[in-house]
Amino acid sequence: MSPAGNRAVEAAREYHDRTTHSYASVRQSGHSLDWDTKPFLYKVYPDLPVTPLPREFPQPVQDTLGAVNAFRGAGGTLTLEILTSLLFFTAGLTRKKTYPGGGEMHFRAAPSTGALYQTEVYLVAADLPGLSAGVYHFSPGDFCLRRLRDGDFRSELSAAALDDGIAASAATVVLTGIYWRNTWKYQARAYRHLFWDSGTMLANLLAAAGAMGIPAHLITLFLDARVNGLLALDSDKEVSLELVPLGSAAAPAVSAPVEPISPRCLPLSSSEVDYPLVREIHAAASLVEPDEVKAVRASATGVPRSVPTTLLALPEPLPVAGRPLGETIIRRGSTRQFSGQPISARALSTALFHATRGIPADFLPGPGHRLVDLYLIVNAVDGIASGAYCYWPEAHGLEQLQAGDFRGQAGYLCLDQALGSDASAVIFFLAELGPILERFGNRGYRLANLEAGVIGGKCYLAAYGQGFGASGLTFYDGDVVRFFSPHARGKDALFVTVLGRSVRGAPGIEVPLQIAKK
Ligand SMILES: Cc1cc2nc3c(=O)[nH]c(=O)nc-3n(C[C@H](O)[C@H](O)[C@H](O)COP(=O)(O)O)c2cc1C
């Protein structure tokens, strides 16, 4: 791949085309997992000062659905206990699973491709009661913060993102992605997963912040190298993805000086494989000059959509799920097997409605705007004929594309996984990448994948809140577009989320970890 700036959009097109799955490519890949080099799932800084987080913190008790569609929280003050809660419900270790033959898996608050958890969490915080101003890494394994820098660096982060709100926030969460954790299994396609997985975590974070009344919004457009430098990342291996300022506090007069630091980290495995394609697409989608950030941000305008006039009306969505957000997240787990039993039209309507009420993000001008389109295969939903549909969030209705039983195709399109054929409904996220790249440059590739991940994460929460199951899935790119064509002609497939009734009793013993409520 040739080196390219953000505006040379062939880079994103080329990356996307070179990482598509097809029936043949999956069978010819020849890639096998080297268990001896499986990356360790926690980032360990052995020498940094440790701040243990409080073990007692409040839970988000607002009903799941209200939290999922809360556009921005308001009224709350960010204390250390609330910050701890937000970190736990975004990225905390929530379950352990032991296997009959020995071995233990650790699961986190948000789903992640292959349970590889390449998304790391950092904080750039003001002085808070119980936490001195600094740059911190959140370690879910021992539930601590480790201090990378001592002092108030909010102005530096604010300058890196050209966003004054960061300097006036109480703390900003920065999500990063470690390539090797995910490329180990998924090779260069892992770059897409950085945005799907950070997207599902952001769905949790925005919902938890909304539930606790903490103002939060998503910043995706920033000077990449400057943020990476503040976090002292080795940017050939780990890069900043998104920022979420939380709460408010008096802005600092000046930033503490950003000296170069190189904190020691333990290696993830005995050796690593470099995937140049991943580094190259990231470089091509990085913003280098402040004017580039401003120009891309100026592209966040509304794009009118012509909603079809004849849509199948969905039943009124439920306003409440009956399960508080905190409980939903703790009990959540990706469905391993669907029963094939139907969900109701109202349950599907509720999940679709609440998941698509908008994301408070710098690349979208407000609620009601989106980059991605939602296509569905309905396998078993009481009150909705089986078939292929396009969902229009603006009108909360379904455009029927084709009636029929497509269970077989749904399983096939989801990379031959039974989860696709046994689910009640399969949601395919597609987008017209051409115009998105024209507007945002290569950065648009990150944004479209991220938006699909966030909506997918919200679907998970809306499903589990209502008591049924969900999973993210991967797919055969071209076949998905062909299946939904001619309606989807010219689009690309970005992500899949499946919804349905889970079969209980998967192998292994799951132990939800106890958290103390305050
Ligand atoms: C973006 C994304 C894609 C996923 N793709 C698949 C998939 O193709 N097949 C599958 O069985 N599970 C898939 N999953 C589910 C993960 O395997 C699951 O999240 C992970 O094992 C952690 O388990 P948990 O979600 O139960 O906590 C996906 C999850 C996400 C977030």
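Remember, it's 1-based here, ligands and their atoms both numbered in the order they're listed. Owing to the predicted nature of the structure, the values given are computational and were not obtained by experimental measurement.
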Residue set satisfying ring-ring contact (aromatic ring centres under 6.0 Å, His included) with H21, at least two apart, ordered chain then number -> none
If we only count N/O pairs under 3.5 Å, is T200 in contact with ligand 1? no
Among G469, S334, S112, the residue with a heavy atom nearest to atom 20 (C) of ligand 1 is S112
Within 45° of the axis and under 6.0 Å from the centre of the six-membered ring of Y23, does NZ or CZ of R27 qualify? yes
Which one holds for Y117 and ligand 1: side chain close, backbone close, both close, or neither close, with close meaning a heavy atom under 4.0 Å? side chain
Only one of T474, T113, N182 passes side chain to side chain donor-acceptor pair (under 3.5 Å) with R189, and that residue is T474
Quick one: does ligand 1 sit under 4.0 Å from the side chain of C414, the backbone, both or neither, non-hydrogen atoms only? neither
Taking only residues two or more places apart in sequence or in another chain, which ones pass ring-ring contact (aromatic ring centres under 6.0 Å, His included) with Y136? none
Which one holds for L415 and ligand 1: side chain close, backbone close, both close, or neither close, with close meaning a heavy atom under 4.0 Å? neither
So which heavy atom in the protein is nearest atom 3 (C) of ligand 1, and how far is it from that ligand atom? T113 CG2, 3.3 Å
Flag, side chain of S112 to backbone of Y117, donor-acceptor distance under 3.5 Å: yes
Using a 4.0 Å heavy-atom cut-off, say whether Q417 meets ligand 1 through its side chain, its backbone, both or neither. side chain
